[in-house]
Amino acid sequence: MKEFNLKGQKRELTGKKATKQLRKEGLVPCNLYGEAKDANGKPEALAFAIPASDLRKVIYTPHVYVINLDIEGVHHTAVIKELQFHPTTDAVLHIDFLEINEEKPLTIGIPVHLVGLAQGIRDGGRMNLSIRKIEVTAPFRQIPEQLDIDVTNLRIGKSIKVGELSFEGLEFATSKEVVVCSIKMTRAASKNAASEEEEAAAE
């Protein structure tokens, strides 16, 4: 996966008032979850903040990055676990990071990349991409930047499901029944099919 470097600063206050003030200062409140647990055994977060301007390249992109986090001189390797956006402005409100453990598999959504010109498209159909990312589980160094899916032989009315895919070293966390992509019939394709049927009948 691609890598990106970010610097953050610890935040002592985590209430609504404190996070609102951070956003006014151009900072995005963040949490880093790793191996640390609280007294009840629940994941304990390291609270910090990052300048919103530094996040654009890793937020508004289809790519998945390994983030090299420098929080006041302490290095962490992480991936983005969850993003919260403002409902009307699309501004980033909050980010949860998940610290990478080299010894434990990581579950993360990887972008889907369709390869080839589908037969159904050549026949006048329309490609429908149902999901843009598939959740996979593997050691992070085995996780690819994208999942290349060959659609060359996909015909009108047919689809590809997650369960039909196979990538070495990857286990799918997304349900096998989820449709990745399909070819839909269009008016043009329907007319072509009708014309071919008429010609065949006439012969």
Side-chain angles (χ1 to χ4, degrees), residues 1-113 129 131-147 162 169-175 178:
M1 289 189 287
K2 296 178 182 292
E3 295 190 11
F4 198 86
N5 300 325
L6 287 173
K7 285 189 176 182
Q9 61 188 59
K10 290 181 182 179
R11 52 191 178 99
E12 303 300 330
L13 302 177
T14 58
K16 290 184 178 180
K17 186 176 181 180
T19 54
K20 189 175 182 180
Q21 182 59 39
L22 283 173
R23 295 183 186 115
K24 283 185 177 180
E25 296 172 3
L27 298 170
V28 176
C30 304
N31 285 331
L32 174 65
Y33 292 92
E35 298 297 314
K37 308 286 184 183
D38 62 17
N40 297 318
K42 295 182 179 180
E44 191 171 49
L46 170 62
F48 65 103
I50 295 177
S53 58
D54 293 349
L55 290 165
R56 296 186 183 278
K57 289 185 178 180
V58 292
I59 299 299
Y60 304 106
T61 174
H63 300 297
V64 177
Y65 288 94
V66 171
I67 309 296
N68 297 312
L69 280 174
D70 181 346
I71 303 175
E72 296 186 3
V74 180
H75 180 265
H76 303 269
T77 305
V79 292
I80 293 176
K81 179 183 178 183
E82 186 176 353
L83 292 166
Q84 293 180 16
F85 293 94
H86 191 281
T88 56
T89 66
D90 280 341
V92 183
L93 297 179
H94 183 90
I95 304 177
D96 282 340
F97 289 89
L98 178 64
E99 190 161 17
I100 291 172
N101 183 329
E102 297 240 11
E103 298 178 0
K104 290 186 178 181
L106 170 70
T107 299
I108 189 171
I110 301 299
V112 169
H113 179 237
L129 182 62
I131 55 173
R132 296 191 177 277
K133 289 184 178 181
I134 296 176
E135 296 277 327
V136 303
T137 302
F140 92 94
R141 293 193 183 280
Q142 294 182 23
I143 295 176
E145 294 180 9
Q146 61 188 27
L147 297 174
V162 172
L170 300 184
E171 179 182 336
F172 293 114
T174 299
S175 170
V178 172

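The shortest distance between side-chain heavy atoms of Leu32 and His76 falls below 4.5 Å. Side-chain contact check for Asn68 versus Glu3: some heavy-atom pair is nearer than 4.5 Å. In this structure the side chain of Gln84 never reaches within 4.5 angstrom of the side chain of Val92, judged on heavy atoms. In this structure, the side chains of Leu93 and Val28 stay at 4.5 Å or more apart for every pair of heavy atoms.
The aromatic rings of Phe4 and Tyr65 sit perpendicular, their planes meeting at an angle over 60°, well past the 30° parallel limit.
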Would you list the atom pairs, donor with acceptor, under 3.5 Å between side chains in residues 133-140 and any protein atom, with sequence neighbours excluded?
unit_1 : atom_1 : unit_2 : atom_2 : d
Thr137 : OG1    : Thr107 : OG1    : 2.7

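In this structure, CZ on Phe48 lies 7.5 Å from CG on Asn31, to the nearest 0.5 angstrom. Rounded to the nearest 0.5 angstrom, Leu22 CG and Lys17 NZ are separated by 13.0 Å. Residue Lys2 holds its NZ atom at 4.5 Å from CD of Glu145, rounded to the nearest 0.5 Å. Once rounded to the nearest 0.5 Å, the distance linking CD1 of Ile110 with NE2 of His63 reads 12.0 Å. Atom CD of Glu102 is separated from atom CD1 of Ile100 by 8.0 Å, given to the nearest 0.5 angstrom.
Within 6.0 Å of CD on Glu171 lie no more than 12 heavy atoms contributed by other residues, nucleotides or ligands.
Proximity of a side-chain donor or acceptor of Thr89 to a complementary backbone N or O of His86 within less than 3.5 Å is not detected.
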(request) Test Asp54 against Lys7 for side chain to side chain contact (heavy atoms under 4.5 Å, CB included), laying out the working first. (result) CA-CA 9 Å; Asp54 293 349; Lys7 285 189 176 182; 5.8 Å; no
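In plain terms, the two heavy atoms of Glu103 and Asn101 that are nearest each other are N-OD1, 2.8 Å.
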